[in-house]
Amino acid sequence: METSGEDVKRMMDDPRRAIRTMSVPLTVAVLISYIQNFVDTVWCSGLGSSAISAITLSGPTYWIIIDIGIGLGIGASTAISRALGADDKERANSLASQTLVLTLIVSVLSMIILFLLCDPVLRFVNDGGDISLSRKYVIPYLFCIIPIVLHGVIVGMLRSEGASRKVLQLSIISTVLNLIIDPILIYPLGLGITGAAMATCLSFIVTTCIGMYWYLTGSMYVKPRFKGFRIKTDEMKDIMYVGIPSMGELLGLSILMIPQNMLVFRTGGDAGVVLAMTPYKFIILTIMPAQGLAQAMLPVTSALQGAGRMKDAKDGFLYTIKLTTLICIALSLFLIVFADPLMYLFTYSDEMADLHDGLTRVLRMYGFITLFAGLSETFSSVLQSLRKAMTATVMIIIRELVFIAMYWYASTISMEAIYHSMVAGMFFGLLLMGVFASRAIMKMNTNCSQQNISN
């Protein structure tokens, strides 16, 4: 059945309500999506600390693939939302077609590059040690790059027209499949961490096929058309104007995690990696509401700007920042109070039990990173909506370079110094991103004032 423009209309009629209502299914969607990686770690905890360390050390390669799709999806979401806000549905349809073709090109190139770089990167992050276990986890993802990247792009396209419930449906299907297949492949079939990766890949393949079916059969409001298709340079540039910097921001995070992980491994070995990185998985879970709000804000404020409603767009930014702050403070306190029982998820095996007290203490140290990281996500989306995505990318890269410097110094002292570096680095990143986002909003405020005078 063809989707009407009701989702688009809701975005334009009441921006605050649109951000709230869209953020709920989007938060659940990103939460469910992340649970796949979280569940991989929980199930593999039964295989011991070496398995958890291998997943953590090879994790940046997995996230690089995910980030390519998310970055392109953000570019598509921003460009298509602006076209819909300007009531130019034909351009929105064309942008969707260009996005899908661009995705296939980027996916194939990424597959070639990552296959060539896989072993050298794994040797580096393992500090020259054995990479066989990490390789077993990464290889399935390399073969599955096209559906994984397409998944991120389809989610971005769905967000552009306000179809947050569709995003939620895909996430639920993906996670349910992963939850069912994961333990079967890991234990009864004896595939270990390779089975965990294969289960995730299968869930991406199924949901990507569903999303493509919705678009190719004309079930969505935006309808890509490929009859007589030709590459339109101006539309590709429109997608990449925000998409490439957004991808660069995400890739910067993942790529620069590689030397950080290596320094942690060098300082504390497998146990050090588990102690420093496993508690952070809860931080990622608790910033999901901030990500959901940021993802809802992006198409809403982009559409408002496309319609010339700059004052409403500014109000959407400030409203999202306020909600994010309140939610993240509450979740930070939750982590600090309930750190001890939460860490039992990863310490149920005899080999991991000895690490329980240390993991609990580190999670409590990390508690307020939820606030720092959540607001950083929001400020980054503000800059993306204002088409200043390159600024956000530069800020993230600067933060990660500072992280590496701090980790390098901390690695000469102790693992305790590593933990403190994590907290200090995230706070520095919040200040950096907040300054530039605030300046961008202030500039918008000036434009709003000028708009009111002219009216």
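- His151 has its side chain out of reach of Ile66: every pair of non-hydrogen atoms, C-beta onward, lies at least 4.5 Å apart.
- A distance of 11.0 Å separates CG of Asn126 from CZ of Phe124, quoted to the nearest 0.5 Å.
- If you take CD1 on Ile139 and CG on Asp119, they are separated by 7.0 Å, rounding to the nearest 0.5 Å.
- Between the OG1 atom of Thr378 and the NZ atom of Lys322 there is a distance of 14.5 Å, given to the nearest 0.5 Å.
- Here the CG-CD1 distance, from Leu114 to Ile145, works out to 4.5 Å after rounding to the nearest 0.5 Å.
- The heavy-atom pair separating Ile65 from Tyr141 by the smallest distance is CD1-O, 3.7 Å.
- Counting only heavy atoms from C-beta outward, the side chains of Ile154 and Ile210 never approach each other to under 4.5 Å.
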Candidate pair Met240 and Leu102, rule side-chain contact (heavy atoms from CB on, under 4.5 Å), full reasoning: CA-CA 9 Å; Met240 292 189 289; Leu102 177 63; 3.8 Å; yes

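- Annotation for Phe226: atom CZ counts as buried by contact number, over 12 foreign heavy atoms lying within 6.0 Å.
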Test side-chain contact (heavy atoms from CB on, under 4.5 Å) applied to Cys118 and Leu122, step by step: CA-CA 6 Å; Cys118 177; Leu122 291 179; 3.8 Å; yes

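- Around CZ of Arg135, the count of heavy atoms belonging to other residues, nucleotides or ligands within 6.0 Å does not exceed 12.
- Within a 6.0 Å sphere centred on OH of Tyr187, heavy atoms belonging to other residues, nucleotides or ligands number more than 12.
- Around atom CZ of Phe427, no more than 12 heavy atoms belonging to other residues, nucleotides or ligands sit under 6.0 Å away.
- When every heavy atom of Ala276 is checked against every heavy atom of Tyr366, the shortest pair comes out as O-OH, 2.9 Å.
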Glu416/Arg361 under side-chain contact (heavy atoms from CB on, under 4.5 Å): CA gap, chis, key distance, verdict: CA-CA 11 Å; Glu416 192 75 17; Arg361 189 173 64 84; 3.0 Å; yes

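- Not less than 6.0 angstrom separates the ring centroid of Tyr280 from the ring centroid of Tyr419.
- Side-chain N or O atoms of Glu161 include one that pairs as donor or acceptor with a backbone N or O of Tyr221 at under 3.5 Å.
- Between the Thr412 side chain and the Tyr409 main chain, a donor and an acceptor come within less than 3.5 Å of each other.
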Leu170 vs Leu158, side-chain contact (heavy atoms from CB on, under 4.5 Å): CA-CA, chis, key distance, verdict: CA-CA 11 Å; Leu170 291 183; Leu158 290 170; 3.9 Å; yes

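- Taking 4.5 Å as the limit, some side-chain heavy atom of Cys144 sits within range of a side-chain heavy atom of Ile205.
- Using modelled atom types, one side-chain atom of Ser97 and one backbone atom of Arg225 make a donor-acceptor pair closer than 3.5 Å.
- Residues Pro147 and Thr208 come closest through the heavy atom pair O-OG1, 2.8 Å.
- Side-chain contact of Thr286 with Thr370: a donor-acceptor pair under 3.5 Å is present, judged by distance alone.
- Rounded to the nearest 0.5 angstrom, Leu326 CG and Leu331 CG are separated by 11.0 Å.
- Other residues, nucleotides and ligands place no more than 12 heavy atoms under 6.0 Å from the OH atom of Tyr241.
- The minimum heavy-atom distance linking Leu179 with Pro183 is given by the pair O-CD, 3.1 Å.
- Side-chain contact check for Met157 versus Leu100: some heavy-atom pair is nearer than 4.5 Å.
- For Pro289 against Ile327, the heavy-atom pair with the smallest separation is CB-CG2, 3.8 Å.
- With hydrogens and angles disregarded, no donor-acceptor distance shorter than 3.5 Å links the side chain of Ser302 to the backbone of Pro299.
- Across every non-hydrogen atom of Pro120 and Leu116, the tightest pair is CD-O, 3.7 Å.
- One finds the CE atom of Met277 at 13.0 Å from the CG atom of Leu359 (value rounded to the nearest 0.5 Å).
- Enclosure of atom CZ in Phe143 is not indicated, since only 12 or fewer non-hydrogen atoms of other residues, nucleotides or ligands lie within 6.0 angstrom.
- Residues Met343 and Phe282 form a side-chain contact, since some pair of their non-hydrogen atoms from C-beta on lies under 4.5 Å apart.
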